[in-house]
Amino acid sequence: MKCIAVIVSAGIGKRFGSSDKVFAEIFDKPLLIWAVQAFEDINLIDEIWIVTRKELFQRARENLEKFNIKKVKKIIEGGGQRQDSVYNALKELYENTDIVLIHDAARPMVSKTLIKKILNAMNSEIDGVIPVVPLNDTIKWIKKENIVGGTLNRDILRAVQTPQAFWFKKLLQAYKKAYEEDFYGTDDASLIERYGGKVLTIDGEEKNIKITTKQDLQKLSVLAGMNNFSNHESYREQKNNISLKSIRIGMGYDSHRFMEGRKLIIGGVEIPYSHGLYGHSDADVLIHAIIDAILGSAGVGDIGTHFPDTDPLYKDISSMELLKKTLNLVKNYGVEPVWIDCTIFAEKPKMLTYIPDMNKNLQKLGLNVNIKAKTNEGMGFIGRCEGISVQAVCLSIKFNL
């Protein structure tokens, strides 16, 4: 069975601010090469074809040779739009091609595992396979004058990635019909769908992000080395040469009032007490303050911005899960929390005996934390045993990779 991978890299990079986006480098390797290498090492793929602008042909060839890429057999000139670029390649593919994989070079972190999963999912009962990921944010559709028209059910919605795999003849036929009708789809699968084809979805990968802006490139810098980040030379150099410009400090504060009928959760530890804390999530006031401090050190807003109490997704969720999401978020911005100091203010119950378990929970996430507990000497809402508050300070380092 003959399988060809087509890597599309003919865009002009308007939002990126450069027409040479696919040659931007991470760890001294162009984005195009990151993408191509994933397909190069898979035995199921016979050839790789690249679609790019004509003025970039020579630069592409030089990089392919430099990084010892052997499977690229053709470089095709792109068209005015992405669909035109893909069609230019499809028209030249061998007639005996069975499967064609279409991938955007702007997704350089595609894994060999994902590519193999897509190919293994291809069967005679379907026309194509696409990777998808769930949507985490609430999705609304907007009417005229920016008025909300309604909220979509994100449980049945997915964000689509590449590579997308198709039976070659089915995809070529769909493209021909689309051009006869002057129809342009948002991806290759939309053409198959338009003409009655069946497209199977499989789980994509969160790290398979699309590079659209230079901010996306910064996120990729972290993701590219995440599996072996500490061994990379540029990381080690920055670790050993921390400047004042790399140091970030964030402050966090949270307070919750007591209420009956809820568990009291502090630092991921359930504390026996007559009352719990009121909140949309599990109301873990310590973790909430720590999250705000970490987000503040990264300069990316606060807990309400990322985990709003109006979102049913976070109803009664463990705040430890929110903390995990927060750490992944700031990692994408190249921010690493290195020290957190926090103080729990509570008249009752006494916290001292539970602090070691709180520390253990946070250490499991790789955090270095110092937790203290104070009363409020009988003053204010804390002194009256109406609630608990926490203050936190986070010291982080920003790595510009």
Side-chain angles (χ1 to χ4, degrees), residues 3 5-9 11 16 21-22 24 26-27 29-45 48 82 86 99-123 126 128-137 139 154-166 186-190 199-213 215-232 306 313 321-322 324-335 365-366 401:
C3 177
V6 175
I7 313 294
V8 186
S9 60
F16 188 80
K21 176 175 70 175
V22 294
I26 295 295
F27 295 165
K29 187 191 299 183
L31 301 185
L32 174 63
I33 300 301
W34 278 95
V36 171
Q37 280 182 332
F39 295 85
E40 171 82 4
D41 299 330
I42 295 177
N43 293 332
L44 295 170
I45 295 173
I48 301 170
R82 182 187 182 278
V86 174
I99 295 176
V100 58
L101 276 160
I102 312 294
H103 182 63
D104 295 325
R107 293 185 186 272
M109 286 303 291
V110 61
S111 72
K112 288 182 283 188
T113 299
L114 179 59
I115 297 169
K116 290 176 182 177
K117 280 170 57 179
I118 291 168
L119 289 174
N120 290 333
M122 286 289 289
N123 64 72
I126 58 173
V129 178
I130 62 173
V132 300
V133 292
L135 299 172
N136 294 321
D137 296 323
I139 306 298
R154 67 181 171 200
D155 290 340
I156 60 172
L157 298 174
R158 294 295 183 270
V160 179
Q161 301 178 332
T162 65
Q164 300 184 359
F166 306 94
T186 54
D187 70 346
D188 305 291
S190 64
V199 179
L200 176 70
T201 65
I202 67 166
D203 290 337
E205 295 177 340
E206 293 293 340
K207 70 175 184 177
N208 186 23
I209 63 173
K210 185 176 182 181
I211 304 302
T212 302
T213 67
Q215 186 179 42
D216 295 329
L217 189 65
Q218 186 179 23
K219 295 178 187 178
L220 178 66
S221 298
V222 178
L223 291 172
M226 197 170 290
N227 291 335
N228 198 19
F229 197 40
S230 61
N231 291 328
H232 195 275
H306 298 280
L313 180 67
E321 290 300 315
L322 300 182
K324 290 176 187 177
K325 293 177 183 290
T326 299
L327 292 173
N328 287 330
L329 171 68
V330 299
K331 187 177 286 186
N332 288 342
Y333 287 90
V335 172
L365 300 182
L401 299 177

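Side-chain atoms are counted along with the backbone in the values below, which use heavy atoms only and exclude waters and symmetry mates. All of these numbers come straight from a predicted model, not from anything done at the bench.
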S.K.: Please give me the minimum heavy-atom distance between Glu40 and Ile48, naming the atom from each residue.
M.R.: N-CD1, 3.7 Å
S.K.: Measuring from Ile99:CD1 to Ile118:CD1, what's the distance to the nearest 0.5 Å?
M.R.: 11.0 Å
S.K.: So, Arg154 side chain and Asn136 main chain: donor-acceptor pair closer than 3.5 Å or not?
M.R.: yes
S.K.: Please report the C-alpha distance between Arg82 and Asp188 in whole Å, then the side-chain angles of each, then the deciding distance to 0.1 Å, and finally whether the side chain to side chain contact (heavy atoms under 4.5 Å, CB included) criterion is met.
M.R.: CA-CA 10 Å; Arg82 182 187 182 278; Asp188 305 291; 3.1 Å; yes
S.K.: Leu114 and Val110: which non-hydrogen atoms are nearest, and at how many Å?
M.R.: CD2-CG2, 4.3 Å
S.K.: What distance do Gln37 atom CD and Leu32 atom CG have between them, rounded to the nearest 0.5 Å?
M.R.: 10.0 Å
S.K.: State the CE-CG distance between Met122 and Leu44, to the nearest 0.5 angstrom.
M.R.: 12.0 Å
S.K.: Looking at every non-hydrogen atom in both residues, tell me the closest pair between Lys112 and Ala38 and how far apart they are.
M.R.: CG-O, 3.3 Å
S.K.: Measure across Pro131 and Pro163 and return the closest heavy-atom pair with its distance rounded to 0.1 Å.
M.R.: CD-O, 3.0 Å
S.K.: Which residue pairs pass the salt bridge (Lys or Arg N to Asp or Glu O under 4.0 Å) test with at least one member in residues 29-39, sequence neighbours excluded?
M.R.: none
S.K.: Working to the nearest 0.5 Å, report the span between OG1 of Thr201 and CD1 of Ile126.
M.R.: 10.0 Å
S.K.: Looking at every non-hydrogen atom in both residues, tell me the closest pair between Val133 and Glu206 and how far apart they are.
M.R.: CB-OE2, 4.0 Å
S.K.: Of all heavy-atom pairs between Gly128 and Phe166, which one has the smallest distance, and what is that distance?
M.R.: CA-CD2, 3.8 Å
S.K.: In chain order, what residues pass the salt bridge (charged side-chain N to carboxylate O under 4.0 Å, His left out) check against Glu205, with sequence neighbours excluded?
M.R.: none
S.K.: Could you go through Ile45 and Leu119, starting from their C-alpha distance and side-chain angles, then the distance that decides it, and tell me whether this counts as side chain to side chain contact (heavy atoms under 4.5 Å, CB included)?
M.R.: CA-CA 9 Å; Ile45 295 173; Leu119 289 174; 4.2 Å; yes
S.K.: Going from CG on Leu327 to NZ on Lys331, what distance comes out if it is rounded to the nearest 0.5 angstrom?
M.R.: 7.5 Å
S.K.: Do the side chains of Asp41 and Lys116 get close enough for a salt bridge, i.e. N-O under 4.0 angstrom?
M.R.: no
S.K.: Consider side-chain contact (heavy atoms from CB on, under 4.5 Å). Of Leu31, Val36, Val22, which one does Pro108 pass it with?
M.R.: Leu31
S.K.: Got a second to check how far Leu313's CG is from Leu135's CG, nearest 0.5 Å?
M.R.: 11.5 Å
S.K.: Inspect the surroundings of CG in Asn43 and state if more than 12 heavy atoms from other residues, nucleotides or ligands are less than 6.0 Å away.
M.R.: no
S.K.: So which pairs with a foot in residues 157-166 pass side chain to side chain donor-acceptor pair (under 3.5 Å), sequence neighbours left out?
M.R.: His103-Thr162, Gln161-Asn208, Gln164-Asp187
S.K.: Would Val86 and Val6 count as a side chain to side chain contact (heavy atoms under 4.5 Å, CB included) if you check the C-alpha gap in whole Å, the side-chain angles of each, and the deciding distance to 0.1 Å?
M.R.: CA-CA 8 Å; Val86 174; Val6 175; 5.6 Å; no
S.K.: Step by step, would you call Ile209 with Met109 a side chain to side chain contact (heavy atoms under 4.5 Å, CB included)?
M.R.: CA-CA 7 Å; Ile209 63 173; Met109 286 303 291; 5.6 Å; no
